[in-house]
Each structure stands twice: as C-alpha cells, then as structure tokens.
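Working notes for the structure below.
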Amino acid sequence: MSLTIYNTLTRKKEPFTTIEPSKVRMYVCGVTVYDYCHLGHARSYIVWDTVRRYLQWRGYDVRYVQNFTDIDDKIIRRSQEENLPWQDITHKYIDAYLEDLGRLNVKPADAYPKATEVIPQIIDFIKRLIDQGYAYAADGDVYYAVEKFPTYGKLSGRKLDQMEAGASGRVDEEAETKKRHPLDFALWKAAKPGEPEWQSPWGLGRPGWHIECSAMVQELLGDRIDIHTGGEDLVFPHHENEIAQSEAALAKPLATFWMHNGFVKIRGDKMSKSLKNFTTIRSLLENTDAMVVRLFVLQAYYRSPIDFTDEAIAAAENSWKTLEEAVLASAYFKSLPDWSNAQSEALDEESVKRFNEAMDDDFNTPIALSVLFELAKELRRQRNLIVHTGKPDLPTTQIHQKFQTLIELMTTLGLKMLQPSALENAISAEVSLSITDDEIEALIQQRQEARKAKNFAESDRIRNELQEKGITLIDDKGGITRWHRNSEQ
RNA sequence: GGCGGCAUAGCCAAGUGGUAAGGCAAGGGUCUGCAAAACCUUCACCCCCAGUUCGAAUCUGGGUGCCGCCUCCA
C-alpha cells in the first residue's frame with residue numbers, strides 16, 4: 001500500500017507523488033508574530049511536524065520551509081500600543097514561537113524566511129503580475145485583479161459571483177474605493193505616516209499578506225512544490241490568493257497537494273485570538289507535560305476538529321503515562337539475563353506494518369497510536385510480571401523487539417523517548433541516597449514478625465515507611481515478600 | 001444569502017457495504033489481614049425518517065442539531 005493524502009484542491013484522497021523522486025518540498029504557512037502562540041497553533045505545527053517525520057521515516061528527503069509574517073497591521077498596532085520598535089515585537093515572538101514549539105518536540109524547519117527579508121523578491125513578483133496584467137497600482141497600493149484569473153476560487157470551491165463581499169464584516173472602506181472588484185486583494189500597501197516602510201516602484205509601503213508566501217516559496221523551494229499546508233482558515237482567502245499569484249506569474253501549479261488541519265475548539269467554538277478564548281502554549285505547559293499535549297493532538301485525525309477540555313487533557317495525561325511506563329520498563333528488562341544478547345535493530349514487523357498502513361491512509365494517527373498502545377500495554381505487562389513474579393512470559397528477544405519498535409514508532413510521531421540512561425542515573429542516585437538492600441531486608445524481616453503476631457498496624461507502618469523511601473513491597477503467596485524500587489519519579 | 005464540515009458508549013476517538021479499533025473512566029470476580037500485580041469478566045440498537053441492497057454506522061433522498069469559511073486568523 002502506498003501513501004495517500006487528502007488534497008483540499010481535489011477534495012479527495014490521492015496517491016502521494018513527488019515532483020522529484022523521493023524528494024519532498026514542503027511549505028508550511030507560519031504565524032504572524034505579534035503574540036504568543038496558542039493551542040490552535042500548537043495543533044497545526046504538531047500535525048505538520050508529524051507529517052514531516054513520517055515522510056522521513058518512509059525514506060523521503062524532506063525540505064521543510066516555514067515562514068514568519070513579521071510585518072502587518074497587527075504588528076504595527078502592537079508596536080504602537082507598546083511604544084516599541086516593530087522589530088522588538090517580532091523578535092520577541094519569534095523567539096517565543098521557537099521555544100514553545102520546541103518544547104512540543106516540533107523539529108526546526110530547514111528555513112524560516114521572514115517577509116521583511118524578501119522584500120526585493122516580493123517587489124519583483126508584484127512587478128511581474130502587473131506586467132502580465134494580473135495586478136494594478138492604485139494610489140500607492142497595488143491590487144490583484146481576481147477577475148483576471150479564470151480559476152480563482154478553485155481551492156476553496158467558490159465562484160466569484162457566489163461570494164458576498166464583506167460578509168465577514170471586516171472591510172476597509174478606504175481600500176474599497178480603490179479596488180476594481182471587491183474581492184481584489186492588496187499586494188502592496190502604501191505606508192501611512194510613521195509606519196514601517198520600504199521603497200518600491202509604487203512609493204513607500206509594505207507587502208500585503210499573501211504575496212510573501214508566493215515569493216518565499218519560489219525563492220526557497222522553486223516554482224512548484226509538493227505539499228503546501230496550513231490551518232483550514234487559510235484555505236480562503238490566503239491559499240486561494242497564493243495560487244492566484246503564483247500560478248498567474250509562473251504559469252504552473254503551485255503545489256501538488258494542499259493540506260489543511262482542523263481547528264481546536266473550546267467549549268464548542270473555534271479557539272482564536274479574535275474571540276479571546278485561547279489558551280497559550282506556554283500557559284498550558286506550566287502544568288501539563290508537553291508530550292501530553294502532543295498526544296492530545298495526535299489522538300484526533302488531523303482534519304477533524306478537536307475540543308479542548310480538562311477531561312480530554314486528563315485522559316491524554318493517563319494515556320501518556322501508559323507509554324511512559326512502557327519506556328521506563330527498560331530499567332527492568334535490563335536485569336534479564338539475556339537482555340544484552342538480545343540487542344539488535346530488529347523491529348516487530350506486524351506492528352510496523354499496521355502502523356504504516358494507518359499513517360499511509362492520510363496520516364491516521366489515532367489508528368497508528370492504537371498500535372503503540374498495544375505494544376506499551378504488553379511491555380508494561382511484562383514489566384509487571386518481572387516485578388511480581390520475577391520473570392516475564394515472553395522470550396527476551398521478543399520483549400526487546402517490541403521495546404525497540406515502540407521507541408521507533410514513538411520517535412516517528414515525535415513522542416519524545418525518555419533516555420533510558422537518564423533513568424538509570426536517577427534510579428542509581430536514589431539507591432545511593434536512600435536505603436541499602438540490607439536495611440530493606442531487615443525492615444521486611446521486622447514486618448514479617450509483626451504480621452505473624454497479627455500486629456497489622458505495625459506492618460502497615462513499615463510498608464508506608466518503605467514506600468516513602470521509594471520501595472514497594474509485594475506479599476506473595478507462601479509468606480514471601482518481594483520488593484522493588486519505584487522507577488517513576 | 002453562498003460554500004464546506006461534523007453528528008459513533010460516561011468522555012475522547014477510529015471505522016466509508018459484511019455485522020462496531022484503540023484510549024480514558026467505571027463495575028464485577030479469583031487472590032489478599034491490608035495493599036499491589038496478574039488473570040477472568042461487564043459496558044453502543046452508530047442523531048431522526050424514508051429508500052437502495054441478501055446485507056448500511058458506512059450508499060441515496062429528506063429532516064434535525066452543532067460548527068467553520070465568505071479579504072484578522074493555524
């Protein structure tokens with residue numbers, strides 16, 4: 001089976017193809033940097049990061065470019081409000097973006113172009129559109145003439161005459177008078193006094209929002225790319241306009257596959273900055289493990305909406321614990337006599353097969369995760385058997401294989417593997433700091449005597465005392481008490 | 001007004017013609033002084049109505065409800 005991807009452009013799943021064999025050129029629409037990122041952004045970039053990781057795991061050489069929009073009305077407004085140069089605003093929030101998404105284990109892009117770094121390319125692009133008759137200058141602004149592009153609306157499935165201009169109620173009156181058609185959009189905006197400005201053939205001004213992506217894609221990835229992604233709110237107008245710009249100027253399809261992720265909802269509504277109902281990534285991470293957030297996102301299919309609730313996060317927390325415990329179980333597997341002989345790269349083929357089938361079907365992470373949970377539960381079971389009965393009921397080579405597979409698949413989904421060596425250090429530190437084996441044995445002996453005398457208050461006291469020192473006691477049949485040091489911190 | 005999406009157990013969420021994955025939570029049993037683990041076990045008439053079919057959560061038509069987009073937006 002081969003990878004299929006849902007393409008917004010055609011509204012169906014299509015077999016994945018690349019322009020160049022085994023190379024993927026991928027462009028991800030990034031954020032406008034005037035504020036901290038919220039959970040909605042987190043979802044989007046976790047999803048695209050996972051797509052990238054999976055393509056790499058399947059052997060593709062992926063070039064991944066993601067932009068920062070570092071000049072626009074909101075940035076200007078923010079800089080005026082805070083009385084700071086706009087560069088201070090954008091630098092601050094770019095740093096914050098990299099930090100927040102890094103914590104979610106989103107890999108850095110191969111390039112992070114900024115709008116203000118490609119002004120010459122943007123100007124060239126606009127000139128080209130004007131020369132070819134797709135754009136017109138109007139009193140310091142430049143607009144794209146949507147009526148000149150016959151297939152305008154093909155991505156979002158609309159026709160010009162169906163759209164009600166200004167239906168969203170956010171129309172700039174002044175700009176309307178300059179436009180030839182209400183749907184025409186700005187490629188270049190004249191600067192008002194005091195605003196950041198760049199020299200252009202049309203006077204001092206700044207680029208419109210959509211043109212930067214067309215220019216950057218061409219600059220960094222070429223005239224055509226394989227995958228272009230973003231949140232579903234970007235389908236119209238942003239991506240529609242990118243298509244109009246790039247395909248008019250270059251006369252070839254911009255992207256083969258257009259992918260869009262569903263929203264994060266909160267209490268049934270879209271989470272967004274304008275609704276002021278967002279939770280920023282950094283506030284969420286104050287008391288939630290980053291991998292819990294990642295798991296919360298991946299437990300849904302990327303095109304479906306997900307509802308952000310305390311219950312959902314709590315459930316993800318428990319789910320993550322299951323995976324974590326399975327990874328931590330390696331501390332116990334290491335004590336198996338033939339563990340070191342079992343070391344090999346071999347994976348559990350059946351699990352890998354099912355994982356790939358799920359991911360090949362338009363990145364169906366909920367199903368892919370079910371494979372991980374099955375592995376994790378089996379590993380946890382083996383760990384428990386070791387702790388409670390002294391030996392597992394699977395051959396060590398199989399345990400090793402399942403363990404190796406779990407780690408590999410978790411890594412592919414960007415679920416950060418805990419370093420077993422760090423764990424060992426933690427455990428050995430605990431051992432050296434707390435209590436020796438002999439002391440434990442002595443206490444257990446005392447407790448046995450208390451139990452024989454039916455002095456359960458005393459026996460429970462000893463159990464609790466040891467528990468506080470990180471030692472768990474297990475009473476087996478035949479009056480034997482086993483114990484182990486707790487592996488979880 | 002136009003375009004689009006969604007509706008599956010207490011919660012989250014797969015499943016696109018063959019008789020309901022997975023996760024979370026909950027309950028019962030064996031065992032136990034208590035506890036832990038293990039093992040066994042319980043938990044969905046798939047929003048409604050009609051149709052197509054040997055067979056539908058899955059296809060068709062009609063409803064109902066919720067949501068998104070229509071130049072701020074991941």
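The sequence lines fix the lettering, A, B, ..., with proteins before strands; numbering per chain opens at 1.
Between A:E324 and A:K321 there is no salt bridge, since none of the side-chain N atoms of the basic residue sits less than 4.0 Å from a carboxylate O of the acidic one.
Both the sub-6.0 Å distance and the 45° axial angle are satisfied by A:K270 relative to the ring of A:F263. Under the 6.0 Å distance and 45° angle rule, A:R451 does not count as a cation-pi partner of A:F456. Taking the centre and axis of the six-membered ring of A:Y34, the NZ or CZ atom of A:R77 falls outside the cone set by 45° and 6.0 Å. A cation-pi contact links A:R180 to A:Y136, judged by a cut-off of 6.0 Å to the six-membered ring centre and 45° from its axis.
A heavy-atom distance below 4.0 Å to RNA chain B is reached by these residues of residues 444-451 of chain A, ordered by number: A:R447, A:R451. Of the residues in residues 92-100 of chain A, not one places a heavy atom less than 4.0 Å from an atom of RNA chain B.
Residue contacts shown for A:G153 are absent, as no nucleic acid heavy atom lies under 4.0 Å away. Heavy atoms of A:K74 sit under 4.0 angstrom from primed sugar atoms or phosphate atoms, though from no base atom. Among the atoms of the strands shown, base atoms are found under 4.0 Å from some heavy atom of A:S272.
Between B:U16 and B:A57, the distance separating the two P atoms is 14 Å to the nearest Å. The P atoms of B:C54 and B:C11 are separated by 37 Å, rounded to the nearest whole Å. For the C1' atom pair drawn from B:U52 and B:A14, the interatomic distance equals 27 Å after rounding to whole Å. A distance of about 14 Å separates the C1' atoms of B:U42 and B:A25, rounded to the whole Å.
For A:K92, the side-chain contact (heavy atoms from CB on, under 4.5 Å) criterion is met by A:Y36, not counting sequence neighbours. Residues satisfying the side-chain contact (heavy atoms from CB on, under 4.5 Å) criterion with A:P305, sequence neighbours excluded, are A:K265.
If you take NE2 of A:H239 and P of B:C73, they are 10 Å apart, rounded to a whole angstrom. Rounded to whole Å, the distance from CZ on A:F355 to P on B:G22 is 18 Å. As a whole-Å value, the separation of A:E374 CD from B:A21 P is 12 Å.
Between the side chain of A:D73 and the base of B:C72 there is no donor-acceptor pair of N/O atoms closer than 3.5 Å.
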* Pair pattern of RNA chain B in dot-bracket, where unpaired bases get dots and | marks partners in another strand, Watson-Crick or G-U under 3.5 angstrom -> ((((((((.[[[..)..(...]]].(((((.......)))))....[[[[[..)....]]]]])))))))....

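With the nearest nucleotide of RNA chain B identified for both A:S370 and A:D475, A:S370 has the one nearer the 5' end.
Set against B:A35, B:A74, B:A37, the side chain of A:I474 has B:A35 as its closest nucleotide.
You'll find the side chain of A:F16 reaches within 4.5 Å of the side chain of A:L55, heavy atoms only.
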Could you go over nucleotides 2-12 of chain B and give all protein N or O partners under 3.5 Å, atom names and distances?
residue: B:C3; atom: O2'; partner: A:G157; partner atom: O; Å: 3.4

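When the options A:N261, A:T50, A:D362 are evaluated for a side chain to side chain donor-acceptor pair (under 3.5 Å) with A:Y302, the one that passes is A:D362.
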